[in-house]
Amino acid sequence: MESVTIRKLKKKKERGEKITMISTYDYITAKLCQEVGIDSVLVGDSLGMVFQGLDTTIHVTLDEMIYHAKAVRRGAPDLFLIVDMPFMSYQVSVEEALKNCGRVMKETGAQAVKLEGGEEIAETVMRLVSSGIPVVGHLGFTPQSIHKFGGPKVVGKEEEEAEKLKKDFRILQEAGAFMIVLESVPWRLAKDLTESSEVITIGIGAGKYCDGQVLVFHDLVGLYEDRKPKFVRRYAEGAKIFKEALMKFKIDVERGDFPSEEESYGT
Ligand code: KIV
């Protein structure tokens, strides 16, 4: 398989071809993504909730992101790898952001880093890009600011919010971000931003007119039975399938039906 590069992603936008992205955290799911020809894998800090069982993304550390990103890179050596910068790894100062993003690029094989925020991170984005680090922005509902929002919400329904989002989008574009994730944004606003700019837009809860779509692997395959945001489409009932398999294993062991002779080593 030919590797997916930033050039290839930009070409896709130019040609009007949709971009596929999966947020995931481990070797085997990344390998599945590569095997079916997904364009990009994002090591999202959603791993705090989805993988670690925490309540928000805020607790995730830089070392944890690097650990997971290395595993994902091994599973998907040819996909465009983006790594989320965790809370407070890029907000304190431009210098610290450069150091931490540099570490991610050097140690994981990532091709880009993703940062949440708009105007307030513009200088950081500019310095990263001028240092050779491609930057993905993240606007709309930004989970690292969950306590500021007071919980998940759609951003951009109100006129003032929409204007702020448009301004942040323009600022990130001017600072050099080549891609922006739009999370929980009304579809008309996401469509306008997508059609009026060269920046690649990736939607999650932002309608179908974005240049591409991202979903969390575990949501897409239905591993969480009790969690289904409006924007998730479940392509499998993973939890049901796995529970059936586990139940069969339990019954077989308890009945003495597993392992069989064929599944055992002879003398
Ligand atoms: O953390 C994450 O997985 C993300 C995507 C959902 C966009 O930021």
Side-chain angles (χ1 to χ4, degrees), residues 9 18-26 29-30 33 38-62 64-69 71-72 76 79-91 101 104 108 110-118 121 135-146 149 151-156 165 168-169 172 177-185 190 193-194 199-207 210-221 223-224 227-235:
L9 295 176
K18 294 287 186 186
I19 294 166
T20 50
M21 184 186 290
I22 297 293
S23 179
T24 198
Y25 327 109
D26 65 273
T29 57
C33 291
I38 294 291
D39 293 306
S40 175
V41 273
L42 164 69
V43 183
D45 61 357
S46 54
L47 78 84
M49 283 118 91
V50 180
F51 185 86
Q52 298 174 323
L54 296 166
D55 57 343
T56 70
T57 61
I58 287 171
H59 319 281
V60 176
T61 68
L62 184 61
E64 286 166 349
M65 292 306 299
I66 290 174
Y67 171 87
H68 284 275
V72 167
L79 303 190
F80 194 84
L81 176 65
I82 302 167
V83 178
D84 254 349
M85 295 306 295
F87 184 60
M88 282 302 142
S89 67
Y90 58 94
Q91 292 95 336
C101 293
V104 166
T108 70
Q111 285 148 292
V113 291
K114 178 162 82 59
L115 276 56
E116 294 183 7
I121 60 160
V135 174
V136 178
H138 186 154
L139 293 173
F141 175 66
T142 45
Q144 290 176 14
S145 303
I146 189 153
F149 286 115
K153 79 180 281 276
V154 179
V155 178
L165 201 147
D168 282 337
F169 190 97
L172 285 182
F178 79 99
M179 177 186 275
I180 297 178
V181 169
L182 296 172
E183 179 164 351
S184 302
V185 171
L193 292 169
T194 302
V199 171
I200 298 166
T201 61
I202 302 290
I204 176 158
C210 293
D211 297 310
Q213 298 291 329
V214 60
L215 280 180
V216 170
F217 180 90
H218 302 61
D219 287 339
L220 183 156
V221 300
L223 289 180
Y224 278 89
R227 191 183 103 117
K228 192 190 168 302
K230 180 178 166 71
F231 54 76
V232 167
R233 186 179 293 178
R234 267 190 200 158
Y235 287 87

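We count ligands from 1, going down the list as the structure has it; atoms in each ligand are counted the same way. Both backbone and side-chain heavy atoms feed into the values below; hydrogens, waters and symmetry mates do not.
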Pick out the protein N or O atoms lying less than 3.5 Å from any N or O of ligand 1, and list each pair with its distance.
unit_1	atom_1	unit_2	atom_2	d
ligand 1	1 (O)	Asp45	N	3.2
ligand 1	1 (O)	Asp45	OD1	3.3
ligand 1	1 (O)	Ser46	N	3.0
ligand 1	1 (O)	Ser46	OG	3.2
ligand 1	1 (O)	Asp84	OD2	3.2
ligand 1	3 (O)	Ser23	OG	2.7
ligand 1	3 (O)	Ser46	OG	2.6
ligand 1	8 (O)	Lys114	NZ	2.9

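- In this structure, Phe141 and Phe149 have tilted ring planes: the angle between them lies in the 30° to 60° band.
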**Item:** Verdict with reasoning, Thr20 to Asp39, per side-chain hydrogen bond (donor to acceptor under 3.5 Å, both in side chains)
**Value:** CA-CA 5 Å; Thr20 50; Asp39 293 306; 3.2 Å; yes

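- For Asp219, the side chain to side chain donor-acceptor pair (under 3.5 Å) partners are Arg227, not counting sequence neighbours.
- A donor-acceptor pair under 3.5 Å is absent between the side-chain atoms of Gln144 and the main chain of Thr56, judged by distance alone.
- Here Asp84 pairs with Lys114 under the salt bridge (Lys or Arg N to Asp or Glu O under 4.0 Å) rule; sequence neighbours left out.
- Listed by chain and number, the residues in a salt bridge (Lys or Arg N to Asp or Glu O under 4.0 Å) with Lys228 amount to none (sequence neighbours excluded).
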